[in-house]
Amino acid sequence: MAASKLKKTFLAPLGKDNPVFVQILGICSTLAVTNKLENTMVMTLGVMFTTALSSWTLSVMRKWIPSRIRMMVETMIIATYVIIVDIALKAYYPEMWKQLGPYVGLIITNCIVMGRIEAFALQNKPMLSLVDGLASGMGYAYVLLIIAFFRELLGTGSLWGYQILGSWWTNWSIMIMPPGGFFMLAIFIWIVREAILKEGHHE
Amino acid sequence: MSDIFFPLAVFFAAVFTNNILLTNYLGMCSFLSVSKELETSAGLGIAVTFVMAVTTALNWLVYEFVLVPFQLEYLRFIVFIIVIAAFVQLIEMIIERYSEGLYFALGIFLPLITVNCAILGASLFMVIREYTFMTSFFFGLGSGLGWFLAILAMAGIRQRLRTAKIPAGLEGPGISLVIAGFMAMAFMGFNGMITIS
């Protein structure tokens, strides 16, 4: 019983409750770094870390937080984990820290983190909240990684900084510029929604 | 470029060439969900512009005179968020007390603003780019106006699209993102007008 609930909690954000293409949440801070696969990977790991641990922390404390100042407490918890990510990156991976610039700090205002806390962690046990937070972060991560994959490949002909496509390839520079991010996300949402709609007709 | 004109250059760059929404993707959540009506978009746009200009300047003061002297720079995320939230709360109380009309026009947008990533984003950019006080204020004002311009244009286009036939899967957020992409391309036409390092 408990195991099946755990599994359900884990799988929902990866598919039918995906934060990006179903709920359209939290694209603000991370879409900006999807022009490189490596940056996206680091950034989404940061988001996963933050969502999972802040959901867990809030769930542990949920019975002692007065509901009037709930938002403030939530923000403090999230900001604490984001500061950990920021300091760790600055210490161990300074070039990446420089490239990501303000976007690491902006994880605080990413709607997914706050959204999962409000919608899930406030009513559920710590372990379940941890899993939910982690899975939401992963559901978010794989969508952005797919987008980053196409943007870097089409825009520069390389992946993870290594040249993949030969000299015959003409770079689509628009893909690594801002409009490319909007178009890729739109195309992705379009494809997934068509698939969901089709599935709905069969049932 | 002389020092006197630098804040102005930053201002115009923030509105056109480095639009915070169309080049940095900040403030997307409210941009996508609120841009259905022209009037509400304008209300939110004004509120964002005002809050962004003032909080960027306030955060500059806090950063320079409190965080740097005490070597607490790493606390900037928390401190900036608190300043923004407190300022929004204060404004809400003031306009509720003195102007009922304005409260009903703008009041509902104010809580939305605290979580708008563009507001915090402007403050974080200001720190990274090491702007002076005046430049920070103009940067905040320009970013707010740029956001205002983008959401207004988007709302106008979406109102026209209401009767258009759109593929089912692309309805709602999908088509808005496509429009945003075209708008970003259009704004790229401003590139080269102003270049700031």
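Every heavy atom of this structure was used, including side-chain atoms; hydrogens, water molecules and symmetry mates were not. By convention in this document, chain letters (A, B, ...) are assigned in the order of the sequence lines, proteins followed by strands, and residues within each chain are numbered from 1.
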Trainee: Which of the residues T80(A), D86(A), I87(A) is involved in the greatest number of heavy-atom pairs with chain B at under 4.5 angstrom?
Mentor: D86(A)
Trainee: Looking only at non-hydrogen atoms, find the nearest pair between E194(A) and A168(B) and report the distance.
Mentor: OE2-N, 4.1 Å
Trainee: Checking L120(B) against chain A: side chain, backbone, both or neither under 4.5 Å from a heavy atom?
Mentor: both
Trainee: Checking M71(A) against chain B: side chain, backbone, both or neither under 4.5 Å from a heavy atom?
Mentor: neither
Trainee: May I ask you to test the T109(A)-I81(B) pair for a side-chain heavy-atom distance under 4.5 Å?
Mentor: yes
Trainee: Given a strict heavy-atom distance threshold of 4.5 Å, which part of I175(B) is in contact with chain A: side chain, backbone, both, or neither?
Mentor: neither
Trainee: Can you tell me how far the CG atom of L170(B) sits from the CD1 atom of I189(A), to the nearest 0.5 Å?
Mentor: 9.0 Å
Trainee: Minimum heavy-atom separation for A186(A) and V178(B), please, with both atom names.
Mentor: CB-CG2, 3.5 Å
Trainee: Might you point out which heavy atoms bring E171(B) and R193(A) nearest each other, and give the distance in Å?
Mentor: O-NH1, 4.1 Å
Trainee: Identify which part of M188(B) has an atom lying under 4.5 Å from any heavy atom of chain A, answering side chain, backbone, both or neither.
Mentor: side chain
Trainee: What are the two closest non-hydrogen atoms of P102(A) and I128(B), and how far apart are they?
Mentor: N-CD1, 3.4 Å
Trainee: Should L177(B) and W190(A) count as side-chain neighbours, where that means a heavy-atom distance under 4.5 Å?
Mentor: no
Trainee: Passes side-chain contact (heavy atoms from CB on, under 4.5 Å), I82(B) versus M76(A)? Steps please.
Mentor: CA-CA 9 Å; I82(B) 294 174; M76(A) 293 297 116; 3.8 Å; yes
Trainee: From L106(A) CG over to S123(B) OG, what is the distance, rounded to the nearest 0.5 angstrom?
Mentor: 10.0 Å
Trainee: Sort I174(A) into side chain, backbone, both or neither according to what part of it lies under 4.5 angstrom from a heavy atom of chain B.
Mentor: side chain
Trainee: Among Y25(B), F31(B), F187(B), exactly one meets ring-ring contact (aromatic ring centres under 6.0 Å, His included) together with F182(A). Which residue is that?
Mentor: Y25(B)
Trainee: Can you tell me which portion of I108(A) sits under 4.5 Å from chain B's heavy atoms? Options are side chain, backbone, both or neither.
Mentor: side chain
